[in-house]
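Notes follow once the structure below has been shown.
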Number of protein chains: 2
Amino acid sequence: MNVTGHTRRPASIRDVATAAGVSYQTVSRVINGHPSVRPSTRERVLAAIEELGFRRNATALALASGRSRAVTVLTANTTHYGYASILQGIEEAARAASYAVGIGVLESAEDAAVAAEVQRAADASGGIVVIAYDPAGVRALGAVPAGLPVVGVVETPASPPDGDRPWVWTDDREAAYQATSHLLSLGHETVHYVAIPSSTRRTSARTSGWRQALKEAGAPQPRPVQSSWGPAGGHAAALKLAKDRSVTAILCGNDDLALGVLRALHESGRSVPGEVSVAGFDDAPHSAFLTPSLTTVRLDFTGLGRSAFALLHGVLEESAPVAPHPVSVPELVVRESSGPPPADA
Amino acid sequence: MNVTGHTRRPASIRDVATAAGVSYQTVSRVINGHPSVRPSTRERVLAAIEELGFRRNATALALASGRSRAVTVLTANTTHYGYASILQGIEEAARAASYAVGIGVLESAEDAAVAAEVQRAADASGGIVVIAYDPAGVRALGAVPAGLPVVGVVETPASPPDGDRPWVWTDDREAAYQATSHLLSLGHETVHYVAIPSSTRRTSARTSGWRQALKEAGAPQPRPVQSSWGPAGGHAAALKLAKDRSVTAILCGNDDLALGVLRALHESGRSVPGEVSVAGFDDAPHSAFLTPSLTTVRLDFTGLGRSAFALLHGVLEESAPVAPHPVSVPELVVRESSGPPPADA
DNA sequence: GCGCCTTGTGTGACCGGTCACATTCATGCG
DNA sequence: CGCATGAATGTGACCGGTCACACAAGGCGC
């Protein structure tokens, strides 16, 4: 509440111009760092800006210049650890670059709904980041009109994308390979895989990394068990697997799934890691505190979000930190949930 | 990619006007549903809109009218369950009302940093929701300039806020009371409390609900143990509590904390619920799948987020769904982690 | 037949910036 | 000395909408 008691509307460049005794264009030059402004003039303008508490109106800037300094993140979910961490990373990087961040949730994967969300995002911001880990996200990525800057956060693509397709991803294949190899090296005959839904119809990179490790070790290749994203899916899947006494190692598509798997094994009276070993993906914050604590592969989602923004930023401005996305290396974290198979197996 | 091969810029109301043979003002009237437009004219305009694929430019609308149909959510965190769920609720409600949602993360609680974020939020949108569960949030709520529509998602206030202060909250007092009473009714002599950080210096509603239940039961009132938000804090706190054999029941400020507590008790060789009972707050998605599954009090964060938006929406537009925030009733969910105290205690 | 209100439509200014171009003045060079 | 050049600054239009007001045509009362 200021002394006058009523909120007066903020100062515009013309107010500043009048106060400094120059034209509005000169003010514009000062706030944009244009070189040819006499130092003494610049000084007066800056003083006026300070005095009036002038702040450049973002809306007017966007309308006049076309550039909006805002990005929208389209995602099917905001609460899952991976999604939320990516969002956090994007926000961090965006804030550092003075960009505003908007979010749009893809509640349905239905084409019309997705298209509507993409439209909203398109006319609310100058660039879009799509988290395309699921069908809704994949469709959204496809529905972005050509010409609109967009970066996709995707599953590891099957083939390296051609040239400059602005995608970022983690090395899921390597991650799955590491986890599977770890379990095999403990002596397990093979490793079963409870998969998160794939965003596409093709075999996911996680699945293929898992397969490759099995193949190289000459281990049998069981069918992957398709599941959902949350613990309930893992729980249901593992209740079935638990009946098969030959199952001694289970790799889970993410840590939430692994949580459900642990629970199901417990309910089935099978001890972890005594009888069955379990490994997850992501290294979510709670994984280290489970009992048994969860062996998992740490993925840097926050860094992934930052990369996504950096890439988009590079497209939006010619200032060129367009360093090709450094695919961060997944890191195996061995904890209590994995161990050698039982002696009698 | 359209046939012309180059992206032409979107149609404006003047393009539509030309196509329909009317003035731009008439087009404006049509898209705003103004009554006095001859039906035949309206028809032609609508046809032109359809044909040209006209969409109203949100930026221009905001600049010209002052209203922006956008809200910004200020929060210290986007990944914790409660925060993320509130955000999700806000987004849901906002999307339904055709509002855009921006987020701003309060990375530091330092005054200058908070003020800067609030400023950014202020000039990016017409209204703000602040999640004020922590010092950064509380400061942000205080730093919002008078006159700017804002709604706070806060801890249960000590006294009912005066009149129309636009705040929403859950009934933390009742929730703590329920959980504590539940544990006492199982026969525990008293209940220890591991607290999440309070946003203010005053006693939180959770603490006071817990105290009240103890008092009514004539149970001893141990000092609450101050902790952090995540499992690590609960873990550290419980390692100490575990040494005290008289501790048979622990109430935790949230489910993440409870997870750390469960872990610490396990490491200390104290069984749950055999020797110690544990209860949490929030009913996070993983709580049902822990071993033992967690007794907790379910809070409707998503609904809270929706209420927050509804309130803000009511302030921003005179269309009046300003029904006073229905404080949602917390629901005790009894699971495996709570049971009677050991016989020898 | 006149004034008056209502309905339908158009005109000009404005929101707060940017952009393209014009203007002024001092300087360098042939 | 005259003229081209560049630095410093100003003017007008524009981005795509809204708002306040003007204005023409038609219906109604008297």
Side-chain angles (χ1 to χ4, degrees), chain A residues 7-46 48-49 52-70 98 100 122-126 316-317, chain B residues 7-46 48-49 52-70 98 100 119 122-126 317:
Chain A
T7 315
R8 59 167 158 273
R9 76 163 159 59
S12 75
I13 54 168
R14 310 195 197 230
D15 300 329
V16 173
T18 311
V22 297
S23 78
Y24 55 81
Q25 183 57 263
T26 299
V27 176
S28 176
R29 291 197 180 92
V30 169
I31 61 185
N32 287 298
H34 188 98
S36 49
V37 175
R38 197 189 310 271
S40 63
T41 309
R42 181 191 316 278
E43 213 48 56
R44 267 183 313 160
V45 171
L46 289 174
I49 285 176
L52 299 178
F54 167 80
R55 312 195 75 232
R56 189 219 236 96
N57 179 315
T59 304
L61 174 62
L63 179 60
S65 70
R67 304 177 268 288
S68 76
R69 294 195 83 72
S98 298
D123 51 42
S125 61
L316 291 172
E317 299 179 21
Chain B
T7 315
R8 60 167 158 274
R9 76 162 158 61
S12 75
I13 55 167
R14 313 200 193 227
D15 299 329
V16 173
T18 312
V22 296
S23 77
Y24 53 83
Q25 183 58 263
T26 299
V27 175
S28 176
R29 292 198 179 91
V30 169
I31 62 187
N32 288 300
H34 189 100
S36 50
V37 175
R38 198 190 309 271
S40 64
T41 309
R42 181 193 315 279
E43 212 48 55
R44 268 183 314 162
V45 171
L46 289 174
I49 286 177
L52 299 177
F54 167 81
R55 313 195 74 230
R56 189 220 237 98
N57 179 317
T59 304
L61 174 62
L63 180 59
S65 69
R67 303 178 268 288
S68 77
R69 295 196 79 74
S98 297
Q119 280 289 8
D123 51 43
S125 59
E317 298 179 22

First locate atom [atom1] of [X], then atom [atom2] of [Y], and finally report the distance between them rounded to the nearest 0.5 Å.
X     : Y     : atom1 : atom2 : result
A:S23 : A:I13 : OG    : CD1   : 8.5 Å
A:I31 : A:L61 : CD1   : CG    : 8.5 Å
A:R56 : A:R69 : CZ    : CZ    : 8.0 Å

Looking across every strand, which nucleic acid part, if any, lies under 4.0 Å from [X] by heavy atom: base, sugar-phosphate, or nothing?
X     : answer
A:T41 : sugar-phosphate
B:R56 : sugar-phosphate
B:R42 : nothing
B:L61 : sugar-phosphate

Side-chain contact, heavy-atom cut-off 4.5 Å: [X] with [Y]?
X     : Y      : result
A:D15 : A:F54  : no
A:R42 : A:R38  : no
A:N57 : B:D123 : no

When the distance from [atom1] of [X] to [atom2] of [N] is rounded to whole Å, what number comes out?
X     : N      : atom1 : atom2 : result
A:R38 : C:dT24 : CZ    : P     : 16 Å
A:Q25 : C:dT23 : CD    : P     : 16 Å
B:H34 : C:dT6  : NE2   : P     : 13 Å

- Between B:A60 and A:S40, the residue closer to the 5' end of DNA chain D by nearest nucleotide is A:S40
- Item | Comparing B:V22 and A:F54 on DNA chain C - which has the more 5′ nearest nucleotide | B:V22
- According to a strict under-4.0 Å criterion, is B:S23 in side-chain N/O contact with OP1 or OP2 of C:dG10? yes
- Message: What is the first contacted nucleotide of DNA chain D and what is the last, in 5' to 3' order, if contact means an atom lying under 4.0 angstrom from a heavy atom of chain A?
- Response: D:dA7 to D:dG16
